[in-house]
Amino acid sequence: MAEKAPAGAGDEGWPENFIAARIRTDLAEGRNGGRVHTRFPPEPNGFLHIGHAKSICLNFGLAEAFGGLCNLRFDDTNPTREEVEYVDSIREDVRWLGFDWGEREFYASDYFEQLYQYAVQLIRDGKAYVCDLSAEQIREYRGTLTEPGRNSPFRERPAAENLDLFARMRAGEFADGSRVLRAKIDMASGNINMRDPVIYRIARVPHHRTGEQWCIYPMYDFAHGLSDAIEGITHSICTLEFQDHRPLYDWFIEQLPVPSRPRQIEFARLNLSYTVMSKRKLLKLVEEGLVEGWDDPRLPTISGLRRRGFTPEAIRSFCDRIGVAKRNSMVDVALLEHAVREDLNRRARRYLAVLRPLKVVIENYPEGQVEELEAINNPEDEGMGRRKVPFARELYIERDDFMEEAPRKFHRLTPGREVRLRYAYFIRCERVAKDDNGEITTLYCTYDPATRGGSAPDGRKVKGTLHWVAASTAVKAEVRLYDRLFTEPDPGAEKDGRPFTDKLNPHSLEVLENCFLEPALAEAAAGCPVQFERLGYFVRDAACGPAGKPVFNRTVTLRDTWARKAARR
RNA sequence: AGGGGUGUCGUCAAGCGGUAAGACACAGGCCUUUGGAGCCUGCAUUCGUAGGUUCGAAUCCUACCACCCCUGCCA
């Protein structure tokens, strides 16, 4: 018994959860010689998403909190669906999230020879046999959820024959699918995973790492736990659907002379509202062109979130907040949005940008004059300094910031009312020019020279502050506004019979091609988060619009109590 | 002949027999040269239901109910 709680989790700000508690208990009881070793085990057959981020943060976070290690191990036992491209993107995403697996990048395929020897051992011990039943027959023999299965006619094959057959399977003497190696456990088990599970299949498919070296490949259940054991993993953390596999996981480890005894612990995978997380559904969105690719900024993939402007810090903070438990749950996407806003508020430089421009002419401002006004880069951090923003007679303001007939609580521009242009002057709207359709084309205003910088020496106050961009020096840009991809909180449920693709939000992407940015934004680097004041957080996309126009993606809007209240009315 | 899980605020989630943390959301207020940020306040007499044990139960016992997962030579 430990006199005091082991160092690490609990007193380091690591959120308490049942897995951390379990590890703490294991440590207190002296298990694993005080070691904590986890692993993140993706199959390289798709892109990582925010659900994987939860697992990554958990596995790497736990290891770090307890002074242990976390391996990156690719579970590459099924070459028919795995590719190096996925390996590369997974590696990049994990690193981008801020985790380091050092030299410990492993592959289940690294252990194919050892795994094969383990299988041979099982055969020698009479605990595995080569079965000639077809896939369909195996299914029939397996029984159902409520009825036991029947023994395969090949179940009692002598060890010597099994050994010979298995060697010839490896040697390529048999056709794909003609035979499998099965563990001999219990065809009557209530747990279907224990009904003589297949542990090796024949497949003449080149493997992304081992090439054509093998034509038999181990199944997940056989390879996974044994790989854990080979790597000295102490806590093998996986999702709930593998709970039923735990007895099998333990069975292999108990039967074989493995170097360590890892234990499997399951937790609930992440579900996020207004999106889908399953590989199948994400793949469908990508393949059917419903989104623009795996890194579409509306997708919950790591690459999509990155392109959308999410930071690793925000994602990790989110993962810390959602907790870890065993109950199926659906996390409100608002929590993710909160996490980015919180992070970006601290670090994003502020700029002025007008998305839906409305021209303003300051009639009493000297024609041709341009002056430089000082603006604060980040009010949350004076250390980020100041910059100059050009002001001139002709400007753009946001169309939404003007209303000809405004309700009482509308604090923005309206005929006859004075408002502040941020960091500039108080202006008053004198008259409105319209085109033949009655559409407002220009606002004619006057300014008060005494209010330079944005405050009046006579102490008079103004209710609203608007963002603006001087017309002559403005940088043209394309801005993409993203919203949730689906209109329903749980589009993937499909309980109403409607496929999830019927629930796509038609307004999830709005492209604004005629936006104006203050000149300083021309140098914004792709991937560097910025705030457009009063609008939200944006990030420059690596892509360019026509004529080299910069493209900005909206990460998330600012909280907008005005809009929220207006929407309620 | 089925097996394995889970049920605590709108959403996550602590709690481990001593009298319901926290976060997001929401609602008010303060402040404000971003209707941003920040600050303050409110928000489960109740823990799936019903019994029981106990001085005392979300925590222990019993029964019931609801939901999730499992019949790939996928992971």
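Naming convention: chains lettered A, B, ... in sequence-line order (proteins, then strands); numbering from 1 in each chain.
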Please report, to 0.1 Å, the donor-acceptor pairs under 3.5 Å made by any side chain of residues 136-146 of chain A, with sequence neighbours excluded.
unit_1: A:Gln137; atom_1: OE1; unit_2: A:Ser134; atom_2: N; d: 2.8
unit_1: A:Gln137; atom_1: OE1; unit_2: A:Ser134; atom_2: OG; d: 3.3
unit_1: A:Thr144; atom_1: OG1; unit_2: A:Thr146; atom_2: N; d: 3.2
unit_1: A:Thr144; atom_1: OG1; unit_2: A:Glu147; atom_2: N; d: 3.1

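The nucleotide B:G7 finds its pairing partner in B:C65, both defining distances of the Watson-Crick or G-U wobble pair being shorter than 3.5 Å. With a cut-off of 3.5 Å on both Watson-Crick or G-U wobble distances, the partner of B:G2 is given as B:C70. Within the shown strands, nothing qualifies as a pairing partner of B:A21 under the Watson-Crick or G-U definition with both distances less than 3.5 Å. Base pairing analysis places B:C60 opposite B:G52; the two distances defining the Watson-Crick or G-U wobble pair are each below 3.5 Å. Remark: B:A14 base-pairs with no nucleotide; criterion is Watson-Crick or G-U wobble with both hydrogen-bond distances under 3.5 Å.
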Reading nucleotides 21-28 of chain B 5' to 3', which nucleotides get B (base under 4.0 Å from a protein heavy atom), which S (sugar-phosphate only), which -?
-> --SSSSS-
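Candidate nucleotides B:G35, B:G36, B:A75 were compared by shortest atom distance to the side chain of A:His245, and B:A75 ranks first. The listed nucleotides are B:G4, B:U34, B:A75; the one nearest the side chain of A:Gln243 is B:G4. Relative to the side chain of A:Leu145, the nucleotides B:G35, B:A13, B:G2 differ in distance, and B:G2 lies closest. If you check B:C74, B:U71, B:G35 against the side chain of A:His411, the one that comes closest is B:G35. When the nucleotides B:C68, B:C74, B:G72 are ranked by their closest atom to the side chain of A:Asn328, B:C68 comes out on top. Listed nucleotides B:G35, B:C73, B:U34 differ in distance to A:Ala135; the shortest reach to its side chain belongs to B:C73. Of the candidate nucleotides B:G36, B:C12, B:C74, B:C74 has the atom lying nearest to any side-chain atom of A:Asn78.
The stretch residues 371-385 of chain A touches RNA chain B through A:Pro379, A:Glu380, each having a heavy atom within less than 4.0 Å of the strand.
The side-chain ring of A:Tyr220 is not stacked on the base of B:A75, judged by centre separation under 5.5 angstrom and plane angle under 30 degrees.
Here A:Arg347 pairs with A:Glu313, A:Asp343 under the side chain to side chain donor-acceptor pair (under 3.5 Å) rule; sequence neighbours left out. Listed by chain and residue number, nothing satisfies the side chain to side chain donor-acceptor pair (under 3.5 Å) test with A:His338 (two or more places apart in sequence, or in another chain).
Comparing B:G38 with B:G48, their P atoms are spaced 34 Å from each other, to the whole Å. Using atom C1' as the reference point in both B:U71 and B:G2, the two lie 11 Å apart (nearest Å).
Listed by first then second residue, pairs satisfying salt bridge (Lys or Arg N to Asp or Glu O under 4.0 Å) with a partner in residues 457-467 of chain A read A:Glu418-A:Arg460, A:Asp448-A:Arg460, A:Asp458-A:Arg460, not counting sequence neighbours.
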